[in-house]
Amino acid sequence: MTILSEVAVIGAGVIGAGWVARLVENGVNVSLYDPDPETPRKLGEILANADHAYGRLTLAPRPKKGKVHHAATVAEAVAGKPFIVEAVPERMDLKRRIYAEIEAANTTATIASSTSGILPTDLQAEMAHPGRLIVAHPFNPVYLLPLVEIVGGARTEPGVIAAACAFYERLGMKPLHIRKEIPAFIADRLLEAVWREGLWLINDEICTTEELDDAIRYGFGLRWAQMGLFETYRIAGGEAGMKHFIEQFGPCLAWPWTKLTDVPELTPELVNRIAEQSDAQSGAYPVRALERIRDDNLVAILQALKAQDWGAGRILAEHEKRLFDLGAQTGDPDPDTSRPIRTFTGRVAADWTDYNGHMNEARYLQVFADATDAFLRLIGVDAAYVQAGGSYFTVESHLRHLDEVRAGEPVRVETRVLEGKGKKLRLFHQFRHGDGHLLATGEHMLLHVNLGTRSASEPGSHVAELLGRIAAQHAELPVPEGVGRAVGQPR
Ligand SMILES: NC(=O)C1=CN([C@@H]2O[C@H](COP(=O)(O)OP(=O)(O)OC[C@H]3O[C@@H](n4cnc5c(N)ncnc54)[C@H](O)[C@@H]3O)[C@@H](O)[C@H]2O)C=CC1
Ligand SMILES: C[N+](C)(C)CC(=O)CC(=O)[O-]
């Protein structure tokens, strides 16, 4: 399935706005309806947070951002759209009324409800065309967390789920198809069990909201982000594994350790206690600042998992590969290569900095390596070329550090070809601050190799031709300061 380019979103609260952010960041135009007159302001703030997060999340070429159209009615928002996201409050009467409004204007689009736990069969009950309704339950923040639980109802038509899953994959998500309908699906069953138990612990004055959160984030929360429950417990069974783990700890479940079936009464006193403790814990931050802290942490976790090729990090890597391939397909076939070529644009990530409070030296090489890869893709050394057995290896690098740069600052790399003939490719990267001043340079010698023999070889004719053309253009430019310098050479 190619990515849909036009989607309607109904409801722009926490979840609807999160969907809009994921969609526009992936190049999809959104037609949005929400009766709240504050929607443009709130959405603008959430889109700014999402843009900040994506700028740190990936160096892959992001598609041109989709546009948002604020529609005046549901009918206007959904008319002619092939896919509709419903994200209105969790009330059956309201959701059914919205579906009736949608059906009056559009009888063919897939309708994906964001409900946290209502059965799709119940949502379909009064619909004239129920076959196109599914549940697609996301997680907050929708623009960063990949999971979306997909549930069909009794009357969902065959094929609707598979097509929706393909669409969500294209948005960089992990669709989890839940084959049997069950209230609250999988994730909210688990979350509600933990939440219910948490409410008891506060109610019984065992701990505060902050202590409870500490118990999660310093311990098992870290495990859950990368291995979930059962894989973690398999390891906790030691060499004897899962059976031993269940034999040892299973009987505890029958002890009165938990109150899982019971909910404490949410008396005004309990609600106030929780709200006051939460204010003491986090009240120093406005909600948008808290969202940004959460997002920066999530980005760092996703990147760490990507480096491990594991869990949600693998989903990110797969999405980046799609973006790189798409960038190669849709990129300008004849970019202006007569000037230094922009090969990297981004911001200094928080985890790129060190104890000196500035970007760590190792990250400069990482940025230059990414810039080199971007240049190689430009001359045709893409995934297919590598698969066919050709590539470049870097054989020598020389870096100069000219100025400091700190976390969050905008940066870019401009690349010059110093030599591009036969097996040899010599590149000169200028790493600049967003304001244009020079931060560092990297000069690199690369050799074309045959990946079968692992020895130097001539590049393919298409690559050689493109490279030769750019090298000739760059030979016309003045030689940049710093080319050919050696370590310790006086300036
Ligand atoms: N907040 C969360 O953590 C999650 C919520 N969900 C689900 O997403 C859905 C939306 O929840 P939230 O975004 O949290 O709620 P919310 O209260 O933040 O936002 C709801 C939005 O719907 C708008 N709205 C109200 N009536 C409307 C109408 N007639 N037409 C169009 N828009 C209307 C409101 O103005 C508001 O902006 C619910 O079904 C909820 O269960 C799913 C995953 C997580
Ligand atoms: C609290 N909640 C039921 C709305 C939570 C969700 O549905 C998912 C999430 O993001 O935690």
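Both counts, for ligands and for their atoms, begin at 1 and track the order of listing.
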Tyr233 atom OH, over 12 foreign heavy atoms within 6.0 Å: no

Is ligand 1 less than 4.0 angstrom away from at least one heavy atom of Leu94? yes

min-distance protein heavy atom vs atom 13 (O) of ligand 1 -> Ile15 N, 2.9 Å

Using only heavy-atom distances, determine whether the side chains of Glu409 and His433 contain a donor-acceptor pair under 3.5 Å. yes

When you pair each N or O of ligand 2 with protein N or O atoms, which pairs come out under 3.5 Å?
unit_1, atom_1, unit_2, atom_2, d
ligand 2, 7 (O), Ser116, OG, 2.9
ligand 2, 7 (O), His137, NE2, 2.7
ligand 2, 7 (O), Asp188, OD1, 3.4
ligand 2, 7 (O), Asp188, OD2, 2.7
ligand 2, 10 (O), Asn140, N, 3.0

When you measure from atom 22 (O) of ligand 1 to each heavy atom in Pro89, Pro37, Ser114, which option holds the nearest one? Pro89

Side-chain donor-acceptor pair present, Glu86, Tyr99, cut-off under 3.5 Å: yes

Please state whether Glu86 comes within less than 4.0 angstrom of ligand 1, counting heavy atoms only. no

Among protein heavy atoms, which lies nearest atom 32 (N) of ligand 1, and at what distance? Pro35 CD, 3.3 Å

N or O pair under 3.5 Å between Ser116 and ligand 1: yes

When you measure from the side chain of Arg96 to the backbone N and O of Glu126, does any donor-acceptor pair fall under 3.5 Å? no

What's the shortest distance from atom 36 (C) of ligand 1 to any protein heavy atom, and which residue and atom give it? Asp34 OD2, 3.4 Å

Under 4.0 Å from atom 29 (N) of ligand 1, is there at least one protein heavy atom? yes

Of all protein heavy atoms, the one nearest atom 43 (C) of ligand 1 is Pro138 O, 3.2 Å

Which residue and heavy atom of the protein sit nearest atom 38 (C) of ligand 1, plus the separation: Val88 O, 3.3 Å

Given the side-chain rings of Tyr168 and Trp19, with only the six-membered ring counted for Trp, is the space between their centroids under 6.0 Å? yes

For Tyr33, the ligand 1 atoms with a heavy-atom partner under 4.0 Å come out as 30 (N), 31 (C)

I'd like to check whether Asn140 has a polar contact with ligand 1, where a contact means an N/O of the residue lying under 3.5 Å from an N/O of the ligand. no

Does ligand 1 have a heavy atom under 4.0 Å from the side chain of Ser113, from its backbone, from both, or from neither? neither

Do any N/O atoms on Val74 end up under 3.5 angstrom from N/O atoms on ligand 1? no

Atoms in ligand 1 flagged as close to Lys95, the criterion being non-hydrogen separation under 4.0 Å: 38 (C), 39 (O)

Side chain to side chain contact (heavy atoms under 4.5 Å, CB included) filter on Ile301, not counting sequence neighbours, yields Leu305

Would you check the N or O atoms of Glu90, main chain and side chain alike, for any that come under 3.5 Å of an N or O of ligand 1? yes

Find out whether Val405 and His358 are in side-chain contact, i.e. whether some heavy atom of one side chain is under 4.5 Å from a heavy atom of the other. no

